[in-house]
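Naming convention: chains lettered A, B, ... in sequence-line order (proteins, then strands); numbering from 1 in each chain.
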Protein chains: 2
Amino acid sequence: MQTFSKRVSMTVVKRLPKYYQYLTDLQDQHIEKISSKELAAMMGLTASQIRQDLNSFGAYGQQGYGYKVKELKEAIRKILGLDLQYNCIIIGSGNLGHAIVNYERFKEEGIHFKAMFDVDPDQIGKKVGNVTVYHMDDLDAFVAHHKIDICILSVPQKVGQETTDRVVELGIKAILNFVPLDLTVPDDVVVESVNITDSLFTLTYLINEDDDDE
Amino acid sequence: MQTFSKRVSMTVVKRLPKYYQYLTDLQDQHIEKISSKELAAMMGLTASQIRQDLNSFGAYGQQGYGYKVKELKEAIRKILGLDLQYNCIIIGSGNLGHAIVNYERFKEEGIHFKAMFDVDPDQIGKKVGNVTVYHMDDLDAFVAHHKIDICILSVPQKVGQETTDRVVELGIKAILNFVPLDLTVPDDVVVESVNITDSLFTLTYLINEDDDDE
DNA sequence: TAGATTGTTAATCGATTAACAATC
DNA sequence: TAGATTGTTAATCGATTAACAATC
């Protein structure tokens, strides 16, 4: 029988990493069992919502008991694709690029940084941890000889789109974008953006939110 | 007459910085007029949605004409609270902290970095641009003598919550959080989180999304 | 005036919450 | 078995889309 799983909504998908984080924490605390009610209280969601979310992927709980932390965590890990390995390059070896390479958590989850690229002569040839910075001129050759799954983009805004175009041209299908810019990519390329400017402006809104009529 | 503006939903608020970005771009291109239809096409929204969003704050357009880019941009700028000035400290002077201090865009919008704090002896006393790194021991005194509106948090995960508690204790009411952790704060403190780990895991999900039944 | 496009109300769609039978 | 809690259906709520009168 063919399965016809309805495409899961982005709203649910965006909550998955949070579930994974909380379940990892629970496991670190050696808690073996959790109910949707307990998890809801921890995460600020409702029990119903959690059960709905999880059930869009399958039945991971046990009636009358709850969810086994380890089992559920592993299930979500797999749903997130974290059972796989990813080769990754970083374009833009500024402070942000450095910060990401040094992020221990990524390595733990099978994200392998293969190279950094920049145009600044002072940066070329340097090593950040065990990752070498190459010149952008060497990008094509490098990607041709390595299977690269993800490109992390932390270049100046004005070259954001052109760099994206180049990366897409080279066949990379996933971009983690730190440039405060909405990138245009073909349908078969996925982009996830971290927009620090947007976050800051949301914060300034919230700071003043209640001032008008309270 | 008293105004009873219904509280604007977070869904709409999260789109405001995007409107602001697009309107800024339009103004830079010297485009004076835009219709909801044109803006919708650019932003990947519907014209209806844009008109609904904007009208939750007031009537900024002209029937039969559209929106004056400059006027609308200024209106949103004000809604976002970017007509005000904000004093800001950064706790954690690692690469991420450095990246943020060097972010030109923030200064343009009235965000002033007053100091950085760290516990690493090698960092104390250094200057990043014109911002000095102080020891965390000096935090209380500094905040007591400066009106600090925003704290940017880029400390190691394991001290994320305790640092937050300390900052809250000192009376700071807004936190831009880069620690991959859901911070607990009192109701009168606003937190906006940038969670790079969550974004990466969303990306790995999307990479594998269509693999199961297609 | 005629054409265009807003502001706003009504209809639809999707997400959350509630309820409860299934079952561990 | 009785109690607990899931999986899942139904009800509600909120967000998006459609429609159109107001009006520039």
Quick check on A:Glu169: does its CD atom have over 12 non-hydrogen neighbours (other residues, nucleotides or ligands) under 6.0 Å away? no
More than 12 non-hydrogen atoms from neighbouring residues, nucleotides or ligands closer than 6.0 Å to CD on A:Gln85, yes or no? yes
Should A:Leu183 and A:Val189 be marked as a side chain to side chain contact (heavy atoms under 4.5 Å, CB included) after you check the CA-CA gap, both sets of side-chain angles, and the distance that decides it? CA-CA 11 Å; A:Leu183 302 178; A:Val189 176; over 6 Å; no
Does any donor-acceptor pair link the side chain of B:Gln63 with the base of D:dT23 at a separation under 3.5 Å? no
Kindly say if A:Thr46 contacts the phosphate of C:dT17, meaning a side-chain N or O under 4.0 Å from OP1 or OP2. yes
I'd like a table of atom pairs between the protein and nucleotides 9-15 of chain C - only N or O on both sides, under 3.5 Å - with the distance next to each one.
{"unit_1": "C:dT9", "atom_1": "O4", "unit_2": "B:Gln52", "atom_2": "NE2", "d": "2.8"}

For A:Asp83 and A:Arg77, run salt bridge (Lys or Arg N to Asp or Glu O under 4.0 Å): C-alpha distance rounded to whole Å, both residues' side-chain angles, the deciding distance at 0.1 Å, then the answer. CA-CA 7 Å; A:Asp83 54 329; A:Arg77 183 177 149 82; over 6 Å; no
Pairwise 5' ranking along DNA chain C for B:Glu38 and A:Asp53, keeping only the more 5' one: B:Glu38
In whole angstrom, what separates B:Leu72's CG from C:dT5's P? 16 Å
Return no unless some side-chain N or O of A:Tyr67 is found under 4.0 Å from OP1 or OP2 of D:dG7. yes
Provide, to the nearest angstrom, the distance between the CZ atom belonging to B:Arg51 and the P atom belonging to D:dA19. 12 Å
What is the separation between atom OH on B:Tyr60 and atom C1' on C:dT8, rounded to the nearest whole Å? 16 Å
Side-chain N or O of A:Lys33 closer than 4.0 Å to phosphate OP1/OP2 of D:dT5: yes
Expressed in angstrom and rounded to an integer, what is the separation of B:Ile50 atom CD1 from C:dT5 atom C1'? 13 Å
Checking N1-N3 plus N6-O4 or O6-N4 for Watson-Crick, or N1-O2 and O6-N3 for wobble, each under 3.5 Å, the partner of D:dC24 is C:dG3
Protein-nucleotide distance (A:Leu45, atom CG; C:dA18, atom P), rounded to Å: 14 Å
Can you name the nearest heavy-atom pair linking B:Tyr20 to B:Ile76, along with the distance? CB-CG2, 3.9 Å
So, are A:Lys14 and A:Glu192 salt-bridged, with charged N and O less than 4.0 Å apart? yes
Paired with C:dT17 by Watson-Crick or G-U wobble geometry, both distances under 3.5 Å: which nucleotide is it? D:dA10
Can you measure A:Lys14 atom NZ to C:dT16 atom P for me and round it to whole angstrom units? 14 Å
note: A:Leu54, atom CG; D:dG7, atom P; distance rounded to Å ~ 8 Å
C:dT17, C:dT5, D:dG7: which one has an atom nearest the side-chain heavy atoms of A:Ala59? D:dG7
For D:dT6, does either OP1 or OP2 sit under 4.0 Å from a side-chain N or O belonging to A:Ser36? yes
So, do B:Leu153 and B:Thr164 sit near enough that their side-chain heavy atoms are less than 4.5 Å apart? yes
Nucleotide D:dC20, atom C1' - distance to CG of B:Asn55 in whole Å: 15 Å
